[in-house]
Undergrad: 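Okay, handing you the structure first.
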Amino acid sequence: MMFFISWQEALNVAIKHMAMKQFINFVKKEFAHVLRDKKTLLILFGMPVMQILIFGFALTNEVKNSKIIVMDQAKDLASQQIISKIAASRYFDIENTVMNTVQMDAEFRKGKIRMALVFPAGFNEALLHQGKAQIQVIADASDPNTANTLSNYVSAIVQDYQSSVDNRVTVPYRIVPVLRMLYNPQLKGAPNFVPGVMALVLMLVCVMMTAISIVKEKETGTMEVLLVSPFQPILVILSKAVPYLLLSLVNVASILLLSVYVLDLPINGSILLLFAESTLFIITCLSIGILISIKTNSQQLAMLISLMGMFLPTVLFSGFMFPIENMPYPLQLISNLVPAKWFYMIIKSIMIKGLGFAAIWKETLILAGFTVVLLAVSLKSFKIRLA
Amino acid sequence: MENVVIKTDKLTKRFGDFIAANEITFEVKKGEIFGFLGANGAGKTTAMRMLCGLSMPSSGTATIAGFNVYKQTEDIKRNIGYMSQKFSLYEDLTVLENIRFFGGIYGLSNRELKSKGEELVEQLGLQKEAKKLVQALPLGWKQKLSFSVAVLHQPKIVFLDEPTGGVDPVTRRQFWDLIYEASAKGITIFVTTHYMDEAEYCDRLSIMVDGKIEALDSPANLKKQFKAASMDDVFYQLARGAKRSD
Amino acid sequence: MSNGYAIAVNQLRKTYGKEQFVAVDDVSFHVDKGEVFGLIGPDGAGKTSIFRVLTTLLLAEKGTASVEGYDVQKDYKQIRKIIGYMPGRFSLYPDLTVAENLNFFATVFGTTVEENYHLIADIYVQLEPFKDRRAGKLSGGMKQKLALCCALIHKPVVLFLDEPTTGVDPVSRKEFWEMLKRLKAQGITILVSTPYMDEAALCDRIALIQQGKILSIDTPENMVKQYPEQLYAIKADQTYELIKALRKYPEVLDCYAFGDYTHVSFKHVFEDDLLRRYLMSEGLSQIEIKPAVPTIEDYFIKLLKS
C-alpha cells in the first residue's frame, strides 16, 4: 500500500520541487545583485561597523574628565573620603579647591568648570548624629544633558560611599539611576548603544534595502516580465526578502562580535534567544520594506519613506538616544507604535541584564503582533498586476 | 573660412584601450543641415559630446563656432543649442515657464524673454496651452517646443540627438519644417536620426562605423557612390560590417 | 470561451489618473493564430496600455480581451503560462551576465535553457561570444536580442513585443525582423508594436493607432490600395523651397517631404506642364515629377490629417 503513490501526488511533488528550484534560483540571483554592487556591500557591512564605532567611542553620553571644583568647608573624614572617591573616578577631574563662593562664581563664569560640590561645615558630624547631611551640587546647566549626567554620577558615587559606611546614614537626595547602577556598575554608556545600533542597522538594511531592491525592478521593467511569468507573484517578493534576512543575521553577528571584542562588553544572556528575537525583528522590518516597495514606484521615494518614516522614528522613539520616560505623554504613546522600541527593550534585557525569555515574553508578543499585522497588510496590498 | 562653423581634424577619443572616436575629420558650413548617422555604438554620442564641449578629446583638433574644444568650452556652450530625445523640457513647468527658464540660462533679458516667448507660442500655435504644464502636451508638440527653446538664444549651431524618435509621421514632418526654417535663418543643424528618410532631408551626412567616419557626402552622391537605391541601402552596406556595438 | 483567435480585443477602454486621461479608447481587434500583427503608432498612442492589458498587467475599465481564449482578468494565471513578453523598457538584469539572465528567466518559467534551446538557437549564436558579459554592457542591438531570447525561452504560444526596435539602428532593426519571420515560421503568434512605419509592411496585418483610437485595420497591401488619390513624387534642387512653393499652389491637396522626394496629391486633375512652369517661376530647377506608389506612411499621414 505504501508504494501506491498516485500520479497526482507525484505531480504535486514534482511541482513543489520545481517551485523550490525556482525559489532557490531566485535567491541566488538576489545574492548576485547584492554581491556585485560594491556600494551596497559597503553600506551593508560597513555601516554596522561604523555605527558601532561611532556610538561606542565618539558619541557616548558619557562625560569623561569633567573639570569640577570642590569647596570643602567641612574638611572632615566623610567629606575627604567622598572627595577622594570622586577624584578617583574617571569622570571627574578636580580642578581646584576654592574657599569662597565668589571664587566659585568666577570659575563658572569662565566656563572652565562644569560643576561644583559644596560640603557644608560639620558634614561628618551631621551625618553621624543627625543621620542626615547635605552636599550642595551646583552644575553648569547651559548644557543640560551634561549637567544631568554629571549630577547623576555624583549621586551614584555618593550613594556608593553611603552604602559602604553605615546603614543608618541616609543621603538627602535620591536621584539615582537605579537601572544603570544595577546592571552597568562601571557606568559604561556603550551597552545601551549596542541594542540601539542593532535596531538601527536592521531597520536600514531590511526596510530600505529591501524596498529599494524591489522598486528597482519596477523601474527597470524586469518586474513586468516577472509578473507576466507563471511564477507565483508573491514569491517574487518573498524571494527578495530572503537574502536580506540572511545578510541581516550576519550583521547581527558582526555587531555582537564588535561589541564583545572591540567594546569589551559581554553578552550576559542567551545568544540563541538574542538571534531568535533578532530574526523576529528582521521579519518585522522586511514586512515594512515590502509594504513600502508595493506602495511606491521610484527608488528615491522608497528611500525617502524608509528614512523619514522608519529610520527617524527609530532614532527618536526607541529609547536609546532619548529616554522615553522624559517625553510628554502623547509622545510616549506614539513610541509604543515603533517596533524598534520593543526590540530595543528585548535586546537590552537579554544582552545587558542577562534575562531569559520569561522576562521578555510580553515585549516579544507585542513585536510578533506587529510582524503579523505588517506582514498581513503588505501581503494584502500586494497586487498581481501593475499599478 | 568664416563660413565653416564646425571643423574637426583627426579628432579622437580613447577610453583606455578602446577608441570610441577615431580620427574624425569633417567640416560643416554655416546654415547647413548635417546628418550624423551611425549604428548603435559607432561613436556618435562620444563625438557629439566632444563637439558640444562636454568631453575632452584625447587628440586631434576641433573648432566649434570659432572656438577651441580644448580651451574655450564655455564659449562653445554659449553659442550652441542642444536637444535630445531623452531630456527635453521640465514636465512640471508650464510652456511659458520653460521658455523663460531656458532663455534665462542663456542670458536673455526679461524684455527679450517676454517678446520671444510670445512670438514662439504664437508660431507653434500653442496660445491655448501656454499656461499649461508641459506634461499635458502630446509628445510631438513637446519635441517641437523643445527645439524652439533650443534655438531661442539664436545659437550658431544646434545639436539634435534623435529628436524625432517615436513621433508620428505628420509631426515628424512639422519638426523638419522647423529645422528648415532655422537653417534658412543661418543656424547650422547637426542632427542624428535612425529614420533613413530623414537622412535624405539633410544637405550632407556622415556615416560612422566602429568609431570612424566611413562616408561623408550629400545623400544623392552617397547613393551614387554606393550604387544604392536608397539611403537605407547605403547605411546597410556600411554598417553591416560593423564589428562593435555600444 | 474559445473563440478561435490567438488574441481578441473587444471595445477596450483604459483611462489613467483623476483627469481620466484616455489611453485606450474603444479599441477592438483580433489576431489570428500564427499571425504577425503590428500595432503601428507614435509614442503615447496607447500601444503599451493595450500590451499591458493583454499581458494581464493592467485591468481595463471597459471591454473584454482574451489571449488564446483565456480571459485577461479571470484566467490571468493560464495566460501567464503561455505568453512571452518583451516590454518596451530594457527589461534584463544589467548586473547579471548574458547566460545568467537567460538561465534565470528559464527557471522563472519552469523550464531550462537546454529544453528549448532550438527555439533561440539562431539568435543565441550571436550572443554566445558575450555570454559572460554583464547585460548592462551590451549594445542596444545585443540587449534586444537577449531580451527576445529571454521572452522565448519557455516556448510561448503568443509573443508580445512592445516597441522592440525603438532606438535601435536600421541594421539591427532589419536583423530583428528577420528573426521574427523565423519565429512566425515556427507557428508562434506575434503581436508587435512599433513607431517605425517601414516596419509595418513586414507584418501580416496592422492596426494604425493614434491617441488611443484605432484608425484602420488591414493587411499592409490593402491599406495602401485604399489610398484615395493618385500620389506623385516631385523632386527639385532645393527641397524646402519646393515644399513651400507647392503649399502655395492652389491645386495641391497635400504635400510633404518623403525621403529624397516630396509626395504630393492634387485636388483635381493634375497638369504636369502647368506645375513645372509654376515651380520654375518660383526659382526651382532640376524638376522631376513622377507618379508614386503610396506607402503605409502615406496612408497614415492621410488618416492623421483627415
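Residue numbers start from 1 in every chain, and the chains themselves are labelled A, B, ... in the order their sequence lines are given, proteins ahead of strands. Treat the numbers as computed from the prediction; the structure is a model and nothing was measured.
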Undergrad: Mark yes when over 12 heavy atoms from residues, nucleotides or ligands other than C:Gln211 sit less than 6.0 Å from its CD; otherwise mark no.
TA: no

Undergrad: Taking heavy atoms only and a threshold strictly under 4.5 Å, list by residue number the residues of residues 39-48 of chain C that touch chain B; give 'none' if the list is empty.
TA: C:Pro42, C:Asp43

Undergrad: Tell me, side chain or backbone of C:Lys143 under 4.5 Å from chain B's heavy atoms, or both, or neither?
TA: neither

Undergrad: So how far is it from B:Ile33 CD1 to C:Thr239 OG1, rounded to the nearest 0.5 Å?
TA: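 It is 9.0 Å, given to the nearest 0.5 Å.
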
Undergrad: Less than 4.5 Å to any heavy atom of chain C: does that hold for the side chain of B:Pro169, its backbone, both, or neither?
TA: both

Undergrad: For B:Val167, which atoms come within 4.5 Å of any heavy atom of chain C: side chain, backbone, both, or neither?
TA: backbone

Undergrad: Run the side chain to side chain contact (heavy atoms under 4.5 Å, CB included) check on B:Met196 and C:Asp198 step by step: do they pass?
TA: CA-CA 10 Å; B:Met196 284 304 127; C:Asp198 53 339; over 6 Å; no

Undergrad: Ion pair present between B:Arg173 and C:Glu297, side-chain N to carboxylate O less than 4.0 angstrom?
TA: yes

Undergrad: Less than 6.0 Å separating the ring centroids of C:Tyr196 and B:Tyr195?
TA: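 Yes - the distance between ring centres of C:Tyr196 and B:Tyr195 falls below the 6.0 Å cut-off.
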
Undergrad: If you measure from CG on C:Leu304 to OG1 on B:Thr171, what distance do you get to the nearest 0.5 Å?
TA: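 Separation between the atoms: 7.5 Å.
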
Undergrad: Within this structure, what is the CD-OH distance for the pair C:Glu175 and B:Tyr236, rounded to the nearest 0.5 Å?
TA: 6.0 Å

Undergrad: Considering non-hydrogen atoms only, spot the tightest contact between B:Glu200 and C:Gly259 and give its length.
TA: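 That would be CB-C, 3.3 Å.
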
Undergrad: Can you tell which part of B:Glu198 gets under 4.5 Å to a heavy atom of chain C, answering side chain, backbone, both or neither?
TA: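 Looking at B:Glu198, nothing touches chain C.
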
Undergrad: What do you reckon, is CD of B:Gln154 surrounded by more than 12 foreign heavy atoms closer than 6.0 Å?
TA: no

Undergrad: Evaluate B:Tyr180 against C:Lys244 for side chain to side chain contact (heavy atoms under 4.5 Å, CB included), listing each step before the verdict.
TA: CA-CA 11 Å; B:Tyr180 282 127; C:Lys244 280 203 283 192; over 6 Å; no

Undergrad: Between C:Thr166 and chain B, with a heavy-atom cut-off of 4.5 Å, which part of the residue counts as in contact: side chain, backbone, both or neither?
TA: neither

Undergrad: So, do B:His194 and C:Val168 sit near enough that their side-chain heavy atoms are less than 4.5 Å apart?
TA: no

Undergrad: Is it the case that more than 12 heavy atoms not belonging to B:Lys227 sit under 6.0 Å from its NZ atom?
TA: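 Atom NZ in B:Lys227 is not crowded, with 12 or fewer foreign heavy atoms closer than 6.0 Å.
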
Undergrad: For the NZ atom on C:Lys267, are there more than 12 heavy atoms of other groups (residues, nucleotides or ligands in this structure) within a distance under 6.0 Å?
TA: yes

Undergrad: Applying a criterion of heavy atom separation less than 4.5 Å, what residues of residues 119-136 of chain B form contacts with chain C?
TA: none

Undergrad: Does a sphere of radius 6.0 Å around NZ in B:Lys223 hold more than 12 heavy atoms from other residues, nucleotides or ligands, not counting ones at 6.0 Å or beyond?
TA: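 For B:Lys223, atom NZ is crowded (more than 12 foreign heavy atoms under 6.0 Å).
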
Undergrad: For C:Arg247, is there an ion pair with B:Asp177 - N to carboxylate O distance below 4.0 angstrom?
TA: yes

Undergrad: Say you draw a straight line from OH of B:Tyr201 to OG1 of C:Thr262; how long is it, rounded to the nearest 0.5 Å?
TA: 8.0 Å

Undergrad: I need the minimum non-hydrogen distance between C:Asp169 and B:Gly38, along with the two atoms involved.
TA: CB-O, 4.3 Å

Undergrad: Does CZ belonging to B:Arg49 count more than 12 external heavy atoms closer than 6.0 Å?
TA: no

Undergrad: So which of C:Ser172, C:Ala257, C:Pro195 has the largest heavy-atom pair count under 4.5 angstrom toward chain B?
TA: C:Ala257

Undergrad: Using non-hydrogen atoms and a 4.5 Å limit, figure out which bit of C:Gln210 sits close to chain B: side chain, backbone, both or neither.
TA: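 Side chain only.
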
Undergrad: Under the criterion side chain to side chain contact (heavy atoms under 4.5 Å, CB included), I'd like the reasoning laid out for B:Val170 against C:Phe300: C-alpha separation, chi angles, the key distance, then a yes or no.
TA: CA-CA 9 Å; B:Val170 174; C:Phe300 198 11; over 6 Å; no

Undergrad: Please report the interatomic distance OH(C:Tyr261) to CG(B:Asp197), rounded to the nearest 0.5 Å.
TA: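 Reported to 0.5 Å precision, the distance equals 15.0 Å.
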
Undergrad: Check the surroundings of atom CZ in C:Phe21: do more than 12 heavy atoms from other residues, nucleotides or ligands lie under 6.0 Å from it?
TA: no

